[in-house]
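Here the structure comes first, spelled out in structure tokens, and everything after it is commentary.
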Amino acid sequence: MKLCVALDLPHEKDNISLAKSLKECDVWLKVGLRSFIRDGKNIVSELKNINDSFKIFLDLKLYDIPNTMADAAESIAKLHVEMFNVHASSGKIAMKTVKDRLSGLKNPPIVLSVTALTSFDDNEFRAVYNESVAKKTLQFAKDSFESGLDGVVCSVHESLMIKNCTNSSFITLTPGIRPFGNEQKDDQKRVADIKTAHENKCDFIVVGRPIYQAKKPLDAVRKILETLL
Ligand code: C5P
């Protein structure tokens, strides 16, 4: 299991300082919408300049018509990020078009799809998708698998079920992690700790606030990494 640290801080310089403090750590860094819109695409090379073995997950959650998504995916690949994501609700044709567009590249990035956002509870999810989180998530995961995607973003509680219905090598990346179970949930509704993430065979855990709001983020990351060995 890999740790992906969410760089969700309010200023670029804060994200850069956080990344610098984690320079020696074997972590992935998640660049989200806020940072990408505010700081621009150069944020990727700035992070790689700190440590070129940092792997970058560009969490832009693409959702558009197939050709526009594939155009965006091609531009993302040119940034040399290792992973990015799209919404599974964009549909199988869009996801397949994205994968097809990247298929000729030498080192194409990993493409994941977002199933159900971990901030949804069942009632809110039903109001949008007219289906339970569990049922729709499974459908989205199967659609993504059949479209040739590499994996999904899902909650820890869905990871095992998704692997059972697709393939054990189909990646699950799980936000909503409160590493030791005693932290604040914030706006996340479906949270889990690291032990549960292990039990559910998650490939990546994404952790934001429990790291960057900790008094000593490096200590928090070290403590998490020890449990991943
Ligand atoms: O601070 P926290 O650990 O809750 O951060 C979780 C990160 O994962 C945030 O950057 C959030 O945007 C992202 N995320 C999520 N749920 C998803 C997809 C991404 O929380 N389904």
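We're numbering straight along the sequence, starting at 1. Keep in mind the model is a prediction, meaning the values are calculated, not measured. When a ligand or atom number is given, it counts from 1 through the structure's own listing order.
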Exercise. Is there a side-chain hydrogen bond (donor to acceptor under 3.5 Å, both in side chains) between R101 and N67 once you walk through the steps?
Worked result: CA-CA 9 Å; R101 185 72 72 84; N67 187 58; 3.1 Å; yes
Seminar exercise, completed: protein heavy-atom neighbour closest to atom 19 (C) of ligand 1 works out as K61 NZ, 3.5 Å
Exercise. Between CD1 of I194 and OG1 of T227, what distance do you get to the nearest 0.5 Å?
Worked result: 3.5 Å
Problem set entry | Location of contacts on R178 toward ligand 1, heavy atoms closer than 4.0 Å | side chain
Exercise. Which protein heavy atom lies closest to atom 16 (N) of ligand 1, and at what distance to 0.1 Å?
Worked result: T118 OG1, 2.8 Å
Problem set entry | Test log, rule side-chain hydrogen bond (donor to acceptor under 3.5 Å, both in side chains), inputs D193 and T196 | CA-CA 5 Å; D193 59 16; T196 314; 2.5 Å; yes
Exercise. Charged N to carboxylate O under 4.0 angstrom, E146 versus K92?
Worked result: yes
For this session: Using a strict cut-off of 4.0 Å, indicate which atoms of ligand 1 neighbour a heavy atom of R209.
Result: 1 (O), 2 (P), 3 (O), 4 (O)
Problem set entry | Nearest-option assignment for atom 15 (C) of ligand 1, heavy atoms, candidates S155, P175, A116 | P175
Exercise. Of the protein's non-hydrogen atoms, which lies at the shortest distance from atom 6 (C) of ligand 1, and what is that distance?
Worked result: Q188 NE2, 3.6 Å
Exercise. What about the rings of F145 and F140, do their centers lie closer together than 6.0 Å?
Worked result: no
For this session: With E82 as reference, evaluate I56, L58, I110, N107 under the side chain to side chain contact (heavy atoms under 4.5 Å, CB included) test and give the passing residue.
Result: I56
Seminar exercise, completed: Between the NZ atom in K136 and the OH atom in Y129, the distance rounded to the nearest 0.5 Å is 8.5 Å
For this session: Give the residue and atom name of whichever protein heavy atom lies nearest to atom 11 (C) of ligand 1, and the separation in Å to one decimal.
Result: K30 NZ, 4.1 Å
Exercise. Between G208 and ligand 1, is there a nitrogen or oxygen pair with a distance under 3.5 Å?
Worked result: yes
Problem set entry | Any N/O pair D59/ligand 1 closer than 3.5 Å | no
Exercise. Under 4.0 Å from any heavy atom of V206, which atoms of ligand 1 are there?
Worked result: 7 (C), 8 (O)
For this session: Please confirm whether Y212 comes within less than 3.5 Å of ligand 1 when only nitrogen or oxygen atoms on both sides are compared.
Result: no
Problem set entry | D8 near ligand 1 by a heavy-atom separation under 4.0 Å | yes
Problem set entry | Check: W28 ring centroid to F204 ring centroid under 6.0 Å | yes
